[in-house]
2 protein chains.
Amino acid sequence: MIMSVADSKLGLVSPNMPVSIHNPEPADRKETTTLADVAARARVSVGTVSRILNGKYKEKWPSMVSRSAKIRRIAIKLGYRPNTAARSMSHGRFQAIGFVTCGDYEIDWYPINGLSGIYSVVEDMGWRLLINELPSAKIKDSALLPQLFRESAVDGLIVNLLPMFSRTIAYFKKLRLPYVLFNVKQKQQCVYPDDFSGAALAVSWLLSRDVRRIGYFCRSCAADIHYSMSDRLAGFQNAMKAANLESHRYLELSPSDDDRHMDVLQRAEFFLRRFPDVQGVICYESEEAVCLTATAKSLGIRVPNQLKVMGFNERVIRGNTGLPIETIEIPFYEVGQQCVKMLHSMIESQDSELPSVAIPYRPFRF
Amino acid sequence: MIMSVADSKLGLVSPNMPVSIHNPEPADRKETTTLADVAARARVSVGTVSRILNGKYKEKWPSMVSRSAKIRRIAIKLGYRPNTAARSMSHGRFQAIGFVTCGDYEIDWYPINGLSGIYSVVEDMGWRLLINELPSAKIKDSALLPQLFRESAVDGLIVNLLPMFSRTIAYFKKLRLPYVLFNVKQKQQCVYPDDFSGAALAVSWLLSRDVRRIGYFCRSCAADIHYSMSDRLAGFQNAMKAANLESHRYLELSPSDDDRHMDVLQRAEFFLRRFPDVQGVICYESEEAVCLTATAKSLGIRVPNQLKVMGFNERVIRGNTGLPIETIEIPFYEVGQQCVKMLHSMIESQDSELPSVAIPYRPFRF
DNA sequence: TTGTACGCGTTATCAG
DNA sequence: CTGATAACGCGTACAA
């Protein structure tokens, strides 16, 4: 069997197949299957294959159906996978969005659940998700700008930056790129967990367990780093007042100089000695919950019998530590999903100013 | 001033500019600046602009230099950003890699530092980084495959999957896509932290502090989930023996049924009561370190004066908790960097089998 | 329904 | 050094 040059270019030559010396294999032999390869194999035009693979036919009569199936089979057999770049060119859109973080060491953070939620909707849309860092130091000099901002590669951005990076965020407006803020609470273009009612939910769970002397425990005191620091406390206080219960069992957010040097364990002991009658504690995060549980144990308080400990966290705490801590799971997954939905509608409608969305916490199993 | 149709298409019409009724603005007016726009503005050809912007000229004589500068200025003024998709088409490569995780809830995990290290090298290469989930349930049915695998969009993959996902990993070979395994210890195509010598490094730090009765504390016992579980213990034992010290101060990895029901705090107390003379403990992770510190405190042992606690972690523990715990920082950043380097060389050389690389821990400040 | 031919934006080649 | 022009792979309008 003699292969023609044309056949060879169409990828019909298997890697191990001997080739005539008169038809030397070019060094840059094609590795990927294209639409043309499938078309040649099926003896139809590229247009036909494209339309079939994209379901643009009505496929009314059976002969069309079977032939479509045959071509699809060929495409699979040849391992055809559409080239995303070519699609982007043709479609006029990248069908991709970028997730932007600051990338600064020891500062950068995002919940994996959140990224997963973002991904789930992006995937459903048939789009792609790029991840990107934009250190605050680099936005001043345009020569230093990261690839994503020097080139155009996405249709929109989901931005994971604390309010302290407002200068960076302001920069996006000049880019003319639609963007949504992740886990930030502001008037517009934000999606964030509704920590205020999340705390209320925790209170009502404790109430359902006949726990009435409830406290709130928070490690740190920098109130303006993230809105959740104040919202969780406020939500706790509000829910307690609504239930006609005392809401004073918490340490001040602005500590005295003495307090400032306490580590979490010392602070936990301080808390438990100051409110010895407390029956349930809502903790800002799992770290506080673990330390409080440990300290309670060292003071002879049994958890969860005498003291119920709850902690906000992006994952179930118990699974890792085996400790009897009730997790108040932050709905980051849904936050991520909503971010993409909002961003997508901004991209479609060219609308650049949308009201923010607070994502409710998932209901507890009471 | 009358704008011609040509001018309009070249983007010289500002959004607010009135347009003649004989030249109706098309609905899908161009928003992005292209090479042609810059070329028209500078009255040169697109080729010239492309070459200047890509630095393909030697720029020997001054007139060339100044004109290049002028064109660069125009490009900036017009907000020109090269279209990545077009570049990919032309270059024949996507200049992008994908980071793959399983995406399974409560199982999926990766260190943000690692992703950051990956990004840093990708950025230096001028490439892009896509993130992608491949749930094990979806690889069976090709119709369910995620976008990244249905289409071709990257030149290689960095895979973050535990050994338990070996079926998924096997699938990549069929894809003909180069891939590297992140944080997995196998013979080939892996990059992982050298936990064995990491533990030794921790031992030598304690020795430098005149701590000689050293123990190792680990929460969990599932030895085959991740290589670090056995390697850290083995590294500890080996280093102790090399220093002629006792290496028996640790709890068995395979616990009895009684032990199995202990949470971390109970296990920590068990450990400290069993080895009451221990002066320093190396913990598998920060969680153990926190719980051990709390338990020590409850038993009247002062940390770090009487007992030095160290813990492996991807970030400095002290920064978050304020606790006196010495972090053994896992070099995930460097692991990520090395992954990209290895992957890139695989892409360049078409070589599909490279020996694995163990990344050393960073030296301690003694 | 089918094939052809063009456009998408960029880079590379090849004459001037 | 410069300007035309041909790829790159895909979608699609248009003509058959």
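Each chain gets a letter, A, B and so on, in the order the sequences are listed, and its residues count up from 1. No hydrogens, no waters, no symmetry mates; every other heavy atom, side chains included, goes into these values.
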Open item on the list: When you measure from the side-chain N and O atoms of A:N54 to the phosphate of D:dG11, is any distance below 4.0 Å, counting only OP1 and OP2?
Closed with: yes
TODO: Using five pairs at either end of the helix from C:dT1-D:dA16 to C:dG16-D:dC1, determine the angle between the two local helix axes and round it to 10 degrees.
DONE: 50°
- [ ] Check whether the side chains of A:S116 and B:E133 place a donor and an acceptor atom closer than 3.5 Å, and report yes or no.
- [x] yes
TODO: Ignoring backbone atoms, test whether A:S90 places a side-chain nitrogen or oxygen under 4.0 Å from the OP1 or OP2 oxygen of D:dC10.
DONE: no
- [ ] Choose from C:dT2, D:dG3, D:dG11 the nucleotide whose nearest atom is closest to any side-chain atom of A:M64.
- [x] C:dT2
- [ ] Using a 4.0 Å heavy-atom cut-off across all strands, classify B:V46 as base, sugar-phosphate, or nothing.
- [x] nothing
Task: N or O in side chain of B:Y80 less than 4.0 angstrom from C:dG9 OP1/OP2 - done: no
TODO: By nearest nucleotide on DNA chain C, pick out whichever of A:T48 and A:M89 is the more 5' one.
DONE: A:T48
Open item on the list: Could you go through B:E348 and B:R93, starting from their C-alpha distance and side-chain angles, then the distance that decides it, and tell me whether this counts as salt bridge (charged side-chain N to carboxylate O under 4.0 Å, His left out)?
Closed with: CA-CA 11 Å; B:E348 290 296 319; B:R93 276 215 179 123; 3.2 Å; yes
TODO: Heavy atoms only: give me the nearest A:A96-A:L130 pair and the separation to one decimal.
DONE: CB-CD1, 4.0 Å
Open item on the list: Testing the 3.5 Å rule here: is there a donor-acceptor pair between the side chains of B:E151 and A:T84?
Closed with: yes
Task: D:dG9 base / A:R81 side chain donor-acceptor hit below 3.5 Å - done: no
